[in-house]
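Only heavy atoms go into these numbers, but all of them, side chains included; no hydrogens, no water, no symmetry mates. This structure is a prediction, so every number in the text was calculated from the model and none was measured.
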Amino acid sequence: MIFYGINSSKLKDGQLNNVTCSNCETQTAMTYGVFGKYFYLYWIPVFPLGKTNILECNSCKKTYKLKELPEQIKHKFKTEKHTGVL
Ligand SMILES: [Zn+2]
């Protein structure tokens, strides 16, 4: 019997400060998480299927995918991500 499947794990998380949420229009901070998806075979990750970036507004708790956010926040996110230690 072959065991395989797709699993995801959290690669990184952190916080973006001084961003404006487009839902509640508050200047706030957002918590983000980077999730990596892997194809597994016998519990061994074989190859990556890509990453998903999820952000949550600290005020209204609305969650966004990175691509749904305005350019300004995307830029901040990219800058922030590269300064941290993975
Ligand atoms: Zn909000």
(message) Would a single hydrophobic cluster contain both Phe3 and Phe47, if residues Ile, Leu, Val, Met, Phe, Trp and Tyr are joined by side-chain heavy-atom contacts under 4.5 Å?
(response) yes
(message) If I take atom CZ from residue Phe39 and atom OH from residue Tyr4, how far apart are they, to the nearest 0.5 angstrom?
(response) 7.0 Å
(request) Would you mind reporting whether Lys61 and Glu56 have side-chain heavy atoms less than 4.5 Å apart? (result) yes
(request) Starting at NZ of Lys37, measure out to OG of Ser8 and round the result to the nearest 0.5 Å. (result) 7.0 Å
(request) Check which hydrophobic residues are tied to Ile54 through side-chain heavy-atom contacts below 4.5 Å, counting indirect links as well, and list them. (result) Phe35
(request) Assess whether atom OH of Tyr40 is packed by more than 12 heavy atoms of other residues, nucleotides or ligands within 6.0 Å. (result) yes
(message) List the residues meeting ring-ring contact (aromatic ring centres under 6.0 Å, His included) with Tyr42, not counting sequence neighbours, and say none if there are none.
(response) none
(request) Can you see which heavy atom on Thr63 is nearest to which on Glu68, and at what distance? (result) O-OE1, 4.4 Å
(request) Could you tell me whether the side chain of Ile6 reaches within less than 4.5 Å of the side chain of Leu49, counting heavy atoms only? (result) yes
(request) Test side chain to side chain contact (heavy atoms under 4.5 Å, CB included) on Asn7 and Ser9 and set out the steps. (result) CA-CA 7 Å; Asn7 220 328; Ser9 57; over 6 Å; no
(request) Please assess Leu16 against Ile73 for the test side chain to side chain contact (heavy atoms under 4.5 Å, CB included), listing each intermediate value before the final yes or no. (result) CA-CA 9 Å; Leu16 286 187; Ile73 299 180; 4.1 Å; yes
(request) Just jot down the salt bridge (charged side-chain N to carboxylate O under 4.0 Å, His left out) partners of Lys74, sequence neighbours excluded, or say none. (result) Glu71
For residues 19-33, which side-chain donor-acceptor pairs fall under 3.5 Å, sequence neighbours excluded?
unit_1, atom_1, unit_2, atom_2, d
Thr26, OG1, Cys24, O, 3.3
Thr28, OG1, Ser59, OG, 3.1
Thr31, OG1, Asn58, OD1, 2.9
Tyr32, OH, Lys12, NZ, 3.4

(message) By the ring-ring contact (aromatic ring centres under 6.0 Å, His included) test, which pairs, at least two apart or in different chains, include something from residues 50-76?
(response) none
(message) Taking salt bridge (charged side-chain N to carboxylate O under 4.0 Å, His left out) as the definition, give me every residue that meets it alongside Lys65, ordered by chain and number, with sequence neighbours left out.
(response) none
(message) Return the CG to CG distance between Leu55 and Asp13, rounded to the nearest 0.5 Å.
(response) 11.5 Å
(message) Set out, in order, the CA-CA distance, both residues' side-chain angles and the distance that settles side chain to side chain contact (heavy atoms under 4.5 Å, CB included) for Lys67 and Leu69, then state yes or no.
(response) CA-CA 5 Å; Lys67 61 185 175 189; Leu69 288 160; over 6 Å; no
